[in-house]
Amino acid sequence: MAIIAKDGYVDIVRDKVENFHGNQVVYVSWDDHLLFCAAQAFPLPPQMPFQALVSDVMSSVFNWHDDFEKVNWSQVLWNLDGEAFEPDMAKSLAENGVAHKSLIRFKTPGLTGINGTRI
Amino acid sequence: MSIEISAKAITPIRLSYGNLEERFGNKRPASRYQEAVYDVQPTANFQYRPLWDKNHEIYDTGRTAIVMEDWYSFADPRQYYYGTYTIARAKQQEVAEHNYAFVDKRDLLDELPDDIKQAVRDILVPLRHVEWAANMNNCQIDCMGYGTTICSVAMFNAMDHLGMAQYISRIGLLIDGNEVTALDAAKKDWMDAPEWQGLRHAIEDMFVLEDWFELMVAQNFVLDGLIFPLLWDRFERKLSQNGGGTIAMLTEFMSEWYSETVRWTNALAKVTAQESEANQQLLSSWLDKWTNRLSEALEPVAEKAFGTEGAAELAEVKQELLARFGKQGLTV
Amino acid sequence: MSGKKNTAFLIFQDNEDARPIIEAVEQDNPGVNIQYQPGMVRLERAGSLIVKRETVEELIGREWDVQEMHLVLISLAGNVDEDDDKFELSWG
Amino acid sequence: MAAKKLNLRKRYELLTRGMGWDTTYQKMDDVFPYDSFEGIKITDWDKWEDPFRLTMDAYWKFQAEKEKKLYAIIDSFAQNNGQTNLVDASYLSAIKLFITGVTPLEYGAHQGFAFLGRHFRGEGARVACQMQAIDELRHAQTQIHTISHYNKHFTGLHDPFYQFDRVWYLSVPKSFIEDAQSSGPFEFITSISFAFEYVLTNMLFVPFMSGAAYNGDMATTTFGFSAQSDESRHMTLGLEIIKFMLEQHEDNLPIIQRWIDKHFWRAYRLLALVSAMQDYMLTNSPMSWKEAWEIYFVENGGALFEDLGRYGLKMPKHHELATAEADHLSHQVWSVFCALGSATGFHTFEPSDEKMDWLSEKYPDTFDKYYRPRFEHWKKQKKEGTFKYMESLPQLCQVCQIPMVFTEVQTDPMQLSFRSTEFKGDKYNFCSDGCKDIFEHEPEKYTQAWLPVHQIFQGNCGGATIPEVREWYKFAPEDGSDYFDSQDYRRWQEWHGKDEPAKTGSND
């Protein structure tokens with residue numbers, strides 16, 4: 001249903017990907033680690049290899065939590081926009097299907113936060 | 001020892017809010033007026049376009065053709081914020097209340113000569129509709145305008161006009177022993193009597209003006225600038241001279257209000273015209289347009305009020321108005 | 001709908017001006033529950049609450065305009081019915 | 001001739017109605033161009049019942065009296081350095097959030113009600129809205145004046161209006177009020193007068209202001225309760241307008257129900273900030289957020305909607321979730337501020353031991369289990385000197401703009417709540433079904449959202465790092481971060497003749 005406005009309405013998309021200077025927004029959230037109160041947001045080039053996301057971007061932020069250095073990356077369970085997925089580390093974000101404003105969640109079996117509290 | 005430390009420690013870390021330090025320096029505390037009005041209105045990063053006006057932001061400098069580098073160039077010479085405003089009006093209303101009660105208690109209006117009573121019914125009571133319109137127009141200026149120094153003045157002005165519309169209504173009730181006959185007759189005149197139609201037509205045209213600053217000129221500069229001197233001053237004096245002095249007790253609020261209002265309309269005209277040649281020309285053209293339109297519309301009212309003297313009285317009032325705005329830098 | 005009546009309430013500032021109003025409410029509303037909290041006084045009663053001009057006037061020994069109540073009123077719940085003689089709150 | 005006496009009702013009617021007229025030189029639809037596009041059908045504006053009957057003379061009289069009292073207290077508060085009588089200077093964080101986040105809402109409400117005061121076709125409704133418009137101006141100005149003295153002695157209060165237009169967490173209140181202001185007049189009044197004022201505003205102005213009294217802040221208590229004395233008129237207006245619209249035409253019901261659903265959720269999300277003020281920023285809280293929610297929403301709101309049931313109106317959608325969240329809300333919000341404490345304009349701090357015990361008592365099902373460990377972790381890190389603030393930015397909800405910190409409280413309180421949708425090829429993310437519903441009904445509106453995190457990424461906020469953005473926000477170096485490392489804390493200690501403060505002085 002069209003929006004109800006007096007004389008038509010505007011078509012403004014404030015966060016079009018073109019507005020991010022070659023980047024796209026990617027959100028990353030670590031399950032069972034609520035010390036990170038929310039998913040973290042990053043402006044990243046879509047050509048960035050997934051491996052760089054993990055080693056450069058995520059490590060610089062999620063190392064805030066002591067569990068981070070214990071992560072066994074081969075066991076990590078990934079979820080992209082609500083679906084389980086297997087990222088190809090060598091391929092780019094775009095090639096992995098990570099779109100503008102996509103949400104990547106990762107779960108680290110065996111690591112469940114401070115004293116197992118999921119924090 | 002600890003007392004000494006405390007006394008020393010309780011020096012302020014700053015004297016004013018940051019925006020006021022930027023505007024007025026940090027040497028002394030800002031006034032309550034300055035705190036209350038400067039930079040309060042949002043100016044940036046609006047979230048959503050109005051569903052009722054997709055072409056503008058919620059607050060938008062583009063709703064008038066007047067251009068100001070700083071919309072806070074204007075300051076109210078009365079320095080009204082809500083507190084000072086209501087306290088000032090409360091004092092005036094206390095006097096008014098006393099006068100209305102006095103007139104009511106002694107049935108003073110009953111004792112007026114019939115022709116005076118009729119003149120009040122014919123000329124003053126219909127003005128409640130003019131005041132009501134002034135209330136609407138100032139609300140429009142407030143909600144469409146830009147900058148809190150201007151918008152808050154419009155808000156206070158709107159409420160003043162509502163108050164005056166209510167005072168006039170009370171005169172209408174008092175004159176007929178709390179019966180609504182005078183109010184009903186005045187409404188009928190306002191809607192149908194030929195002498196009011198030019199004014200009503202002009203006011204209805206003001207209701208649909210798109211530029212809020214033009215409405216400011218038409219309503220607060222021109223219409224008030226004609227009506228108040230002509231009817232709340234000159235006509236009221238005429239009534240007094242003919243045995244209607246009691247009426248002056250009931251209209252004191254209006255004459256006091258107007259002499260106060262002139263101060264801020266002058267200041268606003270001056271600062272806006274000074275800003276640029278373009279503003280000066282625009283203001284002058286609006287002043288010209290609305291002075292002609294509204295003085296023409298008031299001709300039959302002036303004639304009804306003053307008889308053959310009407311045209312001359314109106315012409316004088318018009319000249320005073322133009323001279324006043326001429327002094328503020330408008331071309332007249 | 002159950003027979004239980006919903007709670008109407010009035011909250012006043014805890015000051016001198018509110019005292020006679022609170023007292024009047026106490027007199028005119030059997031079963032009213034009065035709670036003192038920091039800075040405020042909450043009056044609640046099932047179904048309705050009324051403030052009567054006459055009672056307040058008796059308590060303060062002068063004329064009292066019902067609208068003066070607004071000077072000290074903080075909050076309320078219920079449908080409002082206000083006239084020259086009373087201010088009443090009720091749930092239908 | 002003895003004049004007949006007019007009662008309040010009749011007198012008010014004569015002094016309010018009949019002054020307007022049906023225009024003939026211009027079409028009524030051109031004079032009142034905004035009150036029909038929303039689809040609300042009004043068949044007879046004269047049926048409008050004036051909820052309160054103040055003529056201007058009475059208004060001036062009563063309001064001036066309130067103002068005189070209020071300013072006398074503000075003056076004496078300043079002269080006597082009343083700020084030194086607070087329970088603790090950490091309490092000021094609440095006032096910092098108040099003036100930057102709430103005071104600008106009052107001004108927005110002022111503009112909105114002035115718009116209604118001009119553009120509703122009914123005379124009685126216009127006058128009621130105008131009175132509220134000028135009241136809202138009052139509230140903004142009295143708040144500025146009261147807090148002015150605090151600004152002279154504490155950090156983080158110096159540029160509230162500039163910051164309101166820019167700061168990441170202030171886009172929550174900004175987007176809330178601008179959502180209402182950009183709506184048509186009937187939706188605006190449903191949002192502000194009913195959903196916000198009637199249903200929810202008690203939560204802010206009653207227990208929070210009582211809390212201010214409890215913490216020795218007489219100035220705030222005074223302006224709060226003084227403002228609230230207008231608020232009871234406003235609440236009554238809110239209820240009357242809803243009843244009026246529902247009585248006018250049956251077709252109005254679904255529109256109003258949808259607006260109530262929307263604006264209840266919108267206002268409730270805004271109040272998430274208030275929950276943190278109530279439970280964490282008040283040094284001593286006389287009542288928890290959850291208790292306030294039970295009394296003022298569950299009980300009082302329940303009574304209200306039961307009463308409105310005769311018109312077919314139902315409790316707002318998702319109210320069960322809001323009630324379930326009452327056990328979690330303040331903790332989740334305060335956690336994100338503590339984690340991002342270097343990006344706030346007020347001080348954050350972990351709750352003291354006494355406060356944690358109070359929270360355990362008030363939130364027996366949730367605090368110890370879910371929230372205490374994170375505060376204790378940060379406290380321990382601070383003690384050991386290993387604590388760092390987060391430097392990355394959180395994901396924001398497209399509608400409420402709060403960092404997406406809310407969890408699936410009804411199923412798994414440790415699982416963040418994620419919702420998303422697509423519109424014209426772009427993804428949009430939400431914290432809740434409530435916010436998602438709002439987007440999906442009017443996507444064209446919410447695609448415009450000025451989301452602070454995205455704006456930083458777009459390069460519109462002074463730079464890419466937190467220090468650069470702080471500078472653009474006009475946050476001074478001494479604003480924000482941990483209270484116990486702050487200038488406010490040091491001055492507070494000096495005022496009270498205490499020794500050089502400990503580095504991290506929170507008890508443990």
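All figures in this text were calculated on a predicted structure; none of them were measured in a lab. In what follows, chains carry the letters A, B, and so on, assigned in the order in which the sequence lines appear, proteins first and then strands, with residues in each chain numbered from 1. Values reported hereafter were calculated over all heavy atoms of this structure, with side chains retained and with hydrogens, waters and symmetry mates removed.
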Per-residue contact mode, D/Val453 against chain A (heavy atom under 4.5 angstrom):
side chain

Is it the backbone or the side chain of A/Ser29 that comes under 4.5 Å from a heavy atom of chain D, or both, or neither?
side chain

CZ-CD distance between A/Phe36 and D/Gln395, expressed to the nearest 0.5 angstrom
15.0 Å

If you take all heavy atoms of D/Gln398 and A/Lys101, which pair is closest and at what distance?
OE1-NZ, 4.2 Å

Under 4.5 Å to a heavy atom of chain D? For A/His21 that would be side chain

Correct closest heavy-atom pair for A/Asn19 and D/Gln458 would be O-CG, 3.3 Å

Cut-off 4.5 Å, heavy atoms of chain A, and the answer for D/Asp412 is side chain

For residues D/Leu416 and A/Ala38, report the shortest heavy-atom separation together with the two atoms involved.
CD1-CA, 3.9 Å

Under a 4.5 Å cutoff for heavy-atom pairs, which residue among D/Arg374, D/Met404, D/Lys388, D/Met414 has the most contacts with chain A?
D/Met414

Which heavy atom of D/Ser392 sits nearest to which heavy atom of A/Val61, and what is that distance?
OG-CG1, 3.2 Å

Is the CD atom of A/Glu83 crowded by more than 12 outside heavy atoms at less than 6.0 Å?
no

Counting only heavy atoms closer than 4.5 Å, note whether D/Thr407 contacts chain A via side chain, backbone, both or neither.
side chain

Of the listed D/Lys369, D/Glu38, D/Lys445, the one with the largest count of heavy-atom pairs under 4.5 Å with chain A is D/Lys445

Between D/Glu444 and A/Asp11, is any pair of side-chain heavy atoms under 4.5 Å apart?
no

Out of A/Asp32, A/Asn115, A/Leu103, A/Thr117, return the one with the most heavy atom pairs under 4.5 angstrom to chain D.
A/Leu103

If one checks every heavy atom of A/Ile114 against chain D at 4.5 Å, the contacting part turns out to be side chain

Distance from A/Ile119 atom CD1 to D/Ser335 atom OG, nearest 0.5 Å?
8.5 Å

When A/Ala5, A/Ala39, A/Gly82, A/Cys37 are compared by non-hydrogen pairs under 4.5 Å with chain D, the top option:
A/Cys37

Would you name the heavy atoms of D/Ala449 and A/Asp15 that are closest together and state the gap between them?
O-OD2, 4.3 Å

Spatial distance of atom OH (D/Tyr389) from atom CH2 (A/Trp64) [nearest 0.5 Å]:
10.0 Å

Check whether D/His377 gets within reach of chain A through its side chain, its backbone, both or neither, counting any heavy atom under 4.5 Å.
side chain

A/Ser102, A/Ala99, A/Gly113, A/Ser60: which one forms the most heavy-atom pairs within less than 4.5 Å of chain D?
A/Ser102

Criterion side chain to side chain donor-acceptor pair (under 3.5 Å) on D/Glu442 and A/Tyr9, from CA distance to verdict
CA-CA 11 Å; D/Glu442 293 177 309; A/Tyr9 201 48; over 6 Å; no

CD/A/Gln40 to CG/D/Leu393 distance, rounded to the nearest 0.5 angstrom?
8.0 Å

Atom pair NE2 (D/His454) and NZ (A/Lys16), whose distance is rounded to the nearest 0.5 Å
15.0 Å

side-chain contact (heavy atoms from CB on, under 4.5 Å) between D/Gln332 and A/Leu34, intermediate numbers included
CA-CA 10 Å; D/Gln332 294 179 343; A/Leu34 268 182; over 6 Å; no

Might you confirm whether atom CD of D/Glu391 has over 12 heavy atoms from other residues, nucleotides or ligands at distances under 6.0 Å?
no

Just wondering, do D/Pro33 and A/Lys6 contact through their side chains at under 4.5 Å, heavy atoms?
yes

Proximal component of D/Trp378, with respect to chain A [non-hydrogen, under 4.5 Å]:
side chain

If I measure from the heavy atoms of chain A, does D/Phe375 come under 4.5 Å with its side chain, its backbone, both, or neither?
neither

Side chain, backbone, both or neither of A/Val25 within contact of chain D (heavy atoms, under 4.5 Å):
side chain

Suppose a student defines contact as a heavy atom less than 4.5 Å from any heavy atom of chain A. Which residues in residues 420-428 of chain D would they list?
D/Lys424, D/Asp426, D/Lys427, D/Tyr428

Chain D heavy atoms under 4.5 Å from A/Asp81: which part of the residue, side chain, backbone, both or neither?
side chain

For D/Pro394 and A/Ala41, work out which heavy atoms get closest and say how close.
O-CB, 4.1 Å

Is it the side chain or the backbone of D/Tyr370 that comes within 4.5 Å of chain A heavy atoms, both, or neither?
backbone

The test is side-chain contact (heavy atoms from CB on, under 4.5 Å); show your working for A/Tyr27 and D/Asn429 and say whether it passes.
CA-CA 10 Å; A/Tyr27 306 109; D/Asn429 297 284; 3.3 Å; yes

